[in-house]
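Everything on this sheet refers to the single structure shown next.
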Amino acid sequence: MPEGHTIHRAARLQAAALGSGPIAVASPQGRFSEGARLLDGSTLEGIEAVGKHLFYHWDRRPILHIHLGLFGRFSTFAGEAAPEPSPNARLTMAGDATIHLSGPTICELLDPLQVEQVKERLGPDPLDRDADSDAFVDALSRRSIPIGAALLDQSVVAGIGNVYRAELLFLEGIHPDRPAHSTSESERRRLWARAVELMQVGEGLGRIVTMDPRDVGAGSHRAIPKRARLYVYKRSFEPCRRCGTEITSWDVGGRRIWACVACQPS
DNA sequence: TACATATGATCAT
DNA sequence: TGATCCTATGTAA
C-alpha cells in the first residue's frame, strides 16, 4: 500500500532492522537471481527514499532500486525466525532481520549515474527536508491539466498517490477538475504545506490519516476508528464529514477521485 | 472457484 | 485512451 510515506518509513525501519552485518540476498521467485547473487553477503551502507523509489546503497556493489508499484509489498521479520518466503518472493534480504519483497514493479541494480537519471525525473518530495517547494509551485503554474491529475504526476511532486491527492484537494477546498494553473499561488503553497504535514503524519503512523482530530471527536490518531481516517477517499454517496453533502466520484487523470463539490467548488 | 479491486507507471495507438 | 505488468485480499457465487 505504497504512497511516499510508506516508502520513507520502509527505508528508515529496514535500515535499522537489517543492521550493519553482511546481508544474505536471494530471489526465491528467480526473476532477480542474478542481482541477488551480486549483492549476497554485502553490507548495507544506507537506504534512501525519494518519492516512491527506494535505493539501497551497498559496500562496493551496484545500487538496488525498488519501486513497489500498485501491488508490491514488504514483509519484515525481526526477533522471530522468518517463515519460508512465498514462491512469489522476488527478493529476500536477511541480516539482523529478514525482509521479503513480492510484487514490485521495479527491482533492479543501477549504477550511480542511472540513479541520478531516475531522480532527475522526479519533482520535489514533501518528505524531503531540503525539498524545493518553489519547483512544485512553479510546475503547477505551468500546467493546464486538472490539478487532480497534476498531483499524480511524479515529475511535479514525488510521493503523492491517489489517496493523498483526493484528501489534499478536499482539505484545501480545491475542485479536482480545476486546471492546475488556475490555482492561486497561495493555494499552491497551502497544498505543499498540507502535503508535508499529512505525509509526515503518515510516515510516523504507517498509514494515511488525514482527518483533523477536531472533526473526529478527540483522542490520538491511534484511537481514530478505521472508517474515520479520511474525508473523501472511497466515500461515494456518504455524507461529507464537514457539510453533509453527498461525496461524489469520477475519473481524473485516469484514476478515480472523490470529492465534496460543496466544499470544493469549481 | 471466480471475480473484482487496489495507495502505480509505462508503453502503444 | 487502452492494454499491460505485477500480487494479495475480500466478496460473490
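Lettering follows sequence order; numbering is per chain, from 1.
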Taking DNA chain B as the partner, which of residues 153-182 of chain A come within under 4.0 angstrom of it by heavy atom?
Gln154(A), Gly161(A), Asn162(A), Val163(A)

Looking for any heavy atom pair under 4.0 Å, which part of the strands does Ile106(A) touch: base, sugar-phosphate only, or nothing?
nothing

For the residue pair Thr210(A) and Arg229(A), establish whether any side-chain heavy-atom pair is separated by less than 4.5 Å.
no

Say whether Arg73(A) and Ser102(A), considering side chains only, have a donor N or O and an acceptor N or O under 3.5 Å apart.
no

Rounded to the nearest angstrom, tell me the gap between atom CG in Leu152(A) and atom P in dT10(B).
13 Å

Give me the distances for all protein-to-nucleotides 7-10 of chain C N/O pairs that come in under 3.5 Å?
from, atom 1, to, atom 2, distance (Å)
dT7(C), OP1, Gln29(A), NE2, 2.8
dA8(C), OP2, Asn88(A), ND2, 3.0

Using a cut-off of less than 4.0 Å, is there contact between a side-chain N or O of Lys52(A) and OP1 or OP2 of dA9(B)?
yes

Report the residue (Lys234(A) or Arg121(A)) whose heavy-atom-nearest nucleotide on DNA chain B is the more 5′ of the two.
Lys234(A)

Less than 4.5 Å apart, side chain to side chain, heavy atoms only: is that true for Leu54(A) and His65(A)?
no

Phosphate OP1/OP2 of dA9(B) contacted by His67(A) side-chain N/O (<4.0 Å)
yes

Mind pulling the stems DNA chain B is in, i.e. runs of at least three Watson-Crick or G-U pairs, everything under 3.5 Å?
B:1-6 with C:7-12, B:8-12 with C:1-5

Looking at Arg255(A), does any N or O in its side chain come under 4.0 Å of the phosphate oxygens OP1/OP2 on dT5(B)?
no

Would you measure the distance from the P atom in dT10(B) across to the matching atom in dA8(C) and give it in whole Å?
23 Å

Please classify the nucleic acid contact of Arg256(A) as base, sugar-phosphate, or nothing, using heavy-atom distances under 4.0 Å.
nothing

Can you tell whether the side chains of Glu172(A) and Arg194(A) come within less than 4.0 Å, N to carboxylate O?
yes

Side chain to side chain contact (heavy atoms under 4.5 Å, CB included), paired with Leu151(A), selected from Leu169(A), Val156(A), Ile174(A):
Leu169(A)

Pairwise P distance for dA4(B) and dA3(C), with rounding to whole Å
15 Å

Show the nearest heavy-atom pair for residues Pro239(A) and Ile247(A), with the distance to one decimal.
C-CG1, 4.3 Å

